Amino acid sequence: MPKGYWVVDLEVSDPEGYKDYQAFVRPFLAANGGRFLVRGGKMEVVEGTVRPRVVIIEFDSFEEARRVYHSMEYQEGRALRLGRSSGNVAIVEGIEG
């Protein structure tokens, strides 16, 4: 079964306030099978436009990635990110093999 991913690009406008979201999301994802593959770091944009922070989180399946994102607990925690950053989030199915 293909894995599922959250692919995120964002710009943090309130670094101090964003720390509240980080404190929530790290243990939340760990408890729900999410594994960070990319979390910020050095980046070179070679085509198009991408916000300064890119995050990729892996889940065991696309369905699991969707379930975790749409869970009530994440939606409540997500409120800690809104207003402190702006960006894009996509849930993407990986490939097998």
Side-chain angles (χ1 to χ4, degrees):
M1 174 184 308
K3 297 199 182 250
Y5 300 89
W6 290 4
V7 178
V8 181
D9 73 319
L10 58 87
E11 184 164 3
V12 176
S13 56
D14 177 0
E16 278 304 307
Y18 189 77
K19 289 178 182 177
D20 294 336
Y21 174 73
Q22 289 176 311
F24 157 76
V25 79
R26 290 175 183 165
F28 169 78
L29 289 172
N32 285 276
R35 294 168 297 283
F36 283 99
L37 300 180
V38 174
R39 187 174 66 212
K42 192 184 309 185
M43 174 175 60
E44 176 185 1
V45 178
V46 294
E47 290 188 33
T49 304
V50 179
R51 287 180 172 87
R53 183 173 177 79
V54 173
V55 178
I56 300 174
I57 303 161
E58 180 182 66
F59 294 88
D60 287 339
S61 68
F62 178 79
E63 292 74 18
E64 189 66 8
R66 288 190 76 249
R67 181 196 67 76
V68 173
Y69 181 85
H70 292 290
S71 71
M72 182 66 72
E73 186 178 1
Y74 180 71
Q75 292 303 306
E76 290 172 359
R78 176 179 166 263
L80 298 169
R81 180 173 51 81
L82 301 178
R84 297 170 174 169
S85 67
S86 59
N88 299 299
V89 179
I91 301 172
V92 180
E93 183 177 57
I95 57 172
E96 288 191 85

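Because the structure is predicted, anything quoted here is derived from the model rather than measured.
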Problem - salt bridge (charged side-chain N to carboxylate O under 4.0 Å, His left out) contacts touching residues 27-49 (sequence neighbours left out) - result: Arg35-Glu58, Arg35-Asp60
Practice task
Give every residue pair that meets the salt bridge (charged side-chain N to carboxylate O under 4.0 Å, His left out) criterion with at least one member in residues 67-89, sequence neighbours excluded.
Solution key: Asp20-Arg84, Glu64-Arg67
Over all atoms of both residues, closest heavy-atom pair of [X] and [Y]:
X	Y	answer
Gly94	Pro2	O-CB, 3.3 Å
Gly77	Tyr21	O-CD1, 3.6 Å
Ala65	Ile91	CB-CG2, 3.7 Å
Ser13	Gly83	OG-O, 4.0 Å

Report yes or no: do [X] and [Y] belong to one cluster of Ile/Leu/Val/Met/Phe/Trp/Tyr joined by side chain heavy-atom distances under 4.5 Å?
X	Y	value
Val7	Leu37	yes
Leu80	Tyr74	yes
Leu10	Ile56	no
Val38	Val8	no
Val12	Val45	no

Practice task
Evaluate whether atom CZ of Arg51 has more than 12 neighbouring non-hydrogen atoms of other residues, nucleotides or ligands under 6.0 angstrom away.
Solution key: yes
Problem - Donor-acceptor pair, side chain of Asn88 and main chain of Asp9, under 3.5 angstrom - result: no
Exercise for the section: Report yes if the side chains of Tyr5 and Glu93 come closer than 4.5 Å at any heavy-atom pair, otherwise no. Expected result: no
Fill in the blank from the handout: Separation between CE (Met1) and CD (Glu96), nearest 0.5 Å, reads 8.5 Å
Problem - ring-ring contact (aromatic ring centres under 6.0 Å, His included): pairs with one or both residues in residues 31-61, sequence neighbours excluded - result: Trp6-Phe59
